[in-house]
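Right, one structure below, let's go through it.
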Protein chains: 2
Amino acid sequence: MSRKPDPAPGSRPTLEAVAARAGVSRATASRVVNGGAGVRPPLVDKVRRAVEELGYVPNHAARTLVTRRNGAVAVIIAEPEFRIFSDPFFEQQVRGISRELTAHDSQLVLLWVEGPGDYDRIGRYLGGGHVDGALAFSVHNDDGLPSIIGRAQVPAVFGGRPGWPGASGTPGGPAVPYVDADNRGGAREAVRHLLSLGRERVAHIAGPRDLTSAMDRVDGYRDVLLDADPGLIAQGDFTEESGARAMAELLARRPDLDAVFAASDLMASGALRVLRERGLRVPEDVALVGFDDMTSISEATDPPLTTVRQDVEGMGRLMVRLLMRVLNGQETEPGTGSAPGSVITPTELVRRASA
Amino acid sequence: MSRKPDPAPGSRPTLEAVAARAGVSRATASRVVNGGAGVRPPLVDKVRRAVEELGYVPNHAARTLVTRRNGAVAVIIAEPEFRIFSDPFFEQQVRGISRELTAHDSQLVLLWVEGPGDYDRIGRYLGGGHVDGALAFSVHNDDGLPSIIGRAQVPAVFGGRPGWPGASGTPGGPAVPYVDADNRGGAREAVRHLLSLGRERVAHIAGPRDLTSAMDRVDGYRDVLLDADPGLIAQGDFTEESGARAMAELLARRPDLDAVFAASDLMASGALRVLRERGLRVPEDVALVGFDDMTSISEATDPPLTTVRQDVEGMGRLMVRLLMRVLNGQETEPGTGSAPGSVITPTELVRRASA
DNA sequence: ATGAAAGCGCTAACAA
DNA sequence: TTGTTAGCGCTTTCAT
């Protein structure tokens, strides 16, 4: 009877069906489905009821096709970080992202990069318009991810200040918006705290050289201790083990040190272990400050760690907000040719017993 | 000049543009883009070149609209499990899923459920046709997720045999395909191993009652020890702490026990701790077998744990394969009205020093 | 306030 | 083998 063949039994109802049932046009049905602004209440009601009865759910692809909005954001996680999901750090950041994305009615599409071999696939995906934007984490400087993202021309926000050129606004490379903690400021605060305690020989256990967060913390240390003996700085890699090694090194070079600022709680706990093995009391003989406030560590050590806290979940949420701002074009205002702004979130010194 | 207005500078080239540039029809261009079967080589070349020069990338939404295929699969993770990402178990399973999905040119969309309040959102998403199917994990019996997925009418595969009715093929509820390890068989093997060692009073530390995997392991234990003293079974919840408590309980009830089969390595390690505190030697006085073979635990204990291994990554991959089979309709063959099959993967006893 | 109609970019019959 | 054409389901001017 009907001109158009009846829909297959398994297929979902379309807007058309809703409109028919409500006795309105597709346009009106669409308006109602999208908020119903400018439609008279009785009609709104009719359509709503039809939607209900038919169990209508908008077809995403069709909508995307015309609106050019996907309602999805990619979160790119490279293997080394994923491994670190055990690291409360990452879990928290992803949780923040997930929550904020939900608040923006967007979905999280997880792109798991296991190696450079996956870059092609990722690039194709990003370029294919599957997602409105991407969230990535600043990994090591030599990482190829940034350029992949750049080529895909997809709006992106980084977690952590990227270390490659262009990130800081170098002409040539586009400025990438990022969200980072105030690592430098936090480090300064940690060191100043140690000085305020009367400590005079404050050592530093630094994180990996190719991580901007680690380097920023060294810079903060140096900001306060302008003329610090280079021998007071030892290199670590953010692991417990490296913290222990670095501590041993420092003790060998400067047995007279009376304070240590470690660039991560994990390294601080390693340092603490060595300190105790050597019979040095914390904080009496050596005061110790960590960084991150990973409570599973900082509250568990004996004594608990004084450390620098960063609001990791908040940083995750901020990444999303920044991205949304870019997506909504609020960054491309005609007057200001300004690049999308990055955000530095404040840190906070958390005093516990170790310093 | 042209009938259609020139595309906006920012927009991506369409198939139309590629076709025009290659001097062919859209249909031919489409054919080439999708493999190029049945198109003569010279044309294929031309089109390929045009694609290259224009940097053409197919529009996903448009393609999905007509093919009704998304190339995306949702992985639904509820908060409690996400937390367990620290659990190598989950990380491995998701890795398996991710790899297999990639092999099938599908994307992983992570749906993170923080609580029952999220069910609506999840249901809407699943129903909206954003994904071709869903992968979920069998959580506790009272979980509402299964029904959400059922209502959304989206093909799904579960990790772990669901505990709710219908899962086992109860009429009324649709049978949900799942992938699970042979928990019962593995448990039997563990207990038989203990018996083969000459042990006569084998106790069991069971996992949570609302987890089918845990209950299956109890069943396996009972299969072998038909007339076991109920006092030889103690209740745990898969945590280290609960394993310790259960061990203490067992020792109080049956000081004469000479073997323990714990339903998880974590609980086994807790039991081990208590055993040693009581001055009991493992395996001399009490032989101990765990389950899971989480090497970070089983290889680290002293003595290392004899345990039952399951191929977790493989199970993840299998979940995807099963789903793909459903998606490709290979399960709906006219003749067989059979429900999509579930898969039970074999386990393997790994002998170390504890038994 | 509502409806008619024009596409969004692509695939898949169907023709040629 | 290639091209023509008809939609997929939706949003959005533009009329009314």
Side-chain angles (χ1 to χ4, degrees), chain A residues 2-8 10-47 50-51 54-71 127-130 132, chain B residues 2-8 10-47 50-51 54-71 127-130 132:
Chain A
S2 53
R3 180 69 53 99
K4 289 194 174 188
D6 285 342
S11 75
R12 300 186 211 277
T14 70
L15 233 208
E16 181 83 53
V18 172
R21 176 153 195 138
V24 300
S25 72
R26 226 166 51 229
T28 297
S30 174
R31 291 184 186 109
V32 173
V33 169
N34 292 293
V39 178
R40 256 176 317 180
L43 281 195
V44 171
D45 263 21
K46 267 194 200 162
V47 174
V51 164
L54 261 32
Y56 169 78
V57 181
N59 178 305
H60 188 237
R63 184 176 271 178
T64 296
L65 188 54
V66 34
T67 62
R68 276 124 202 302
R69 276 301 215 103
N70 257 293
H130 297 66
D132 299 324
Chain B
S2 52
R3 180 69 53 103
K4 289 195 177 190
D6 285 344
S11 73
R12 298 186 212 275
T14 69
L15 234 208
E16 180 84 54
V18 172
R21 176 153 196 140
V24 301
S25 72
R26 227 166 50 229
T28 297
S30 173
R31 291 184 186 108
V32 172
V33 168
N34 292 292
V39 179
R40 255 174 316 182
L43 281 197
V44 172
D45 264 22
K46 266 194 202 163
V47 174
V51 165
L54 260 33
Y56 168 79
V57 181
N59 178 307
H60 188 237
R63 184 177 273 179
T64 296
L65 188 55
V66 35
T67 61
R68 278 129 200 300
R69 276 301 217 104
N70 257 293
H130 298 65
D132 300 324

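Owing to the predicted nature of the structure, the values given are computational and were not obtained by experimental measurement. In the text below, chain A, chain B and the rest are named by the order of the sequence lines, each starting its count at 1.
Panel note: side chain B:Ser30, backbone B:Arg26; no donor-acceptor pair is recorded below 3.5 Å. The backbone N or O of A:Arg69 lies less than 3.5 Å from no partner atom in the side chain of A:Asp132, so there is not a single donor-acceptor pair. Between the A:Thr28 side chain and the A:Val24 main chain, no donor and acceptor come within less than 3.5 Å of each other.
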Pick out the pairs of N or O atoms, protein on one side and nucleotides 12-15 of chain D on the other, that lie under 3.5 Å.
none

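A sub-4.0 Å separation between OP1 or OP2 of C:dG9 and a side-chain N or O of A:Arg68 is present. Put simply, B:Ser25 has a side-chain N or O that comes within less than 4.0 Å of OP1 or OP2 on D:dG3. One finds a side-chain N or O of A:Arg63 lying less than 4.0 angstrom from the OP1 or OP2 phosphate oxygen of D:dT11.
The interatomic distance linking B:Glu16 (CD) with D:dG3 (P) rounds to 12 Å, in whole Å. If you take CG of B:Asn70 and P of C:dC10, they are 16 Å apart, rounded to a whole angstrom. What separates CZ of A:Arg69 from C1' of D:dC10 is a distance of 17 Å, to the nearest Å. Atom-to-atom, CZ of B:Arg40 to C1' of D:dG3 comes out at 13 Å; the value is rounded to the nearest Å. Taking atom CG on B:Asn59 and atom P on D:dC10, their separation rounds to 17 Å, with Å as the unit. At whole-Å resolution of the value, CG in A:Leu54 and P in D:dG9 are 14 Å apart. A straight line from NZ of A:Lys46 to C1' of C:dA1 spans 14 Å, rounded to a whole angstrom. The nearest whole Å value for the distance from the CG atom in B:Leu15 to the P atom in C:dC8 is 14 Å.
Residue B:Val39 is the one, among B:Leu65 and B:Val39, whose nearest nucleotide of DNA chain D lies closer to the 5' end (criterion: closest heavy atom).
For the pair B:Asn34 and B:Arg63, the minimum side-chain heavy-atom distance is below 4.5 Å. Looking only at side-chain heavy atoms (C-beta outward), A:Asn70 and A:His60 come within less than 4.5 Å of each other. The closest side-chain heavy-atom distance from B:Val33 to B:Leu15 is below 4.5 Å. By the 4.5 Å heavy-atom criterion applied to side chains, B:Val18 and B:Val47 are counted as neighbours.
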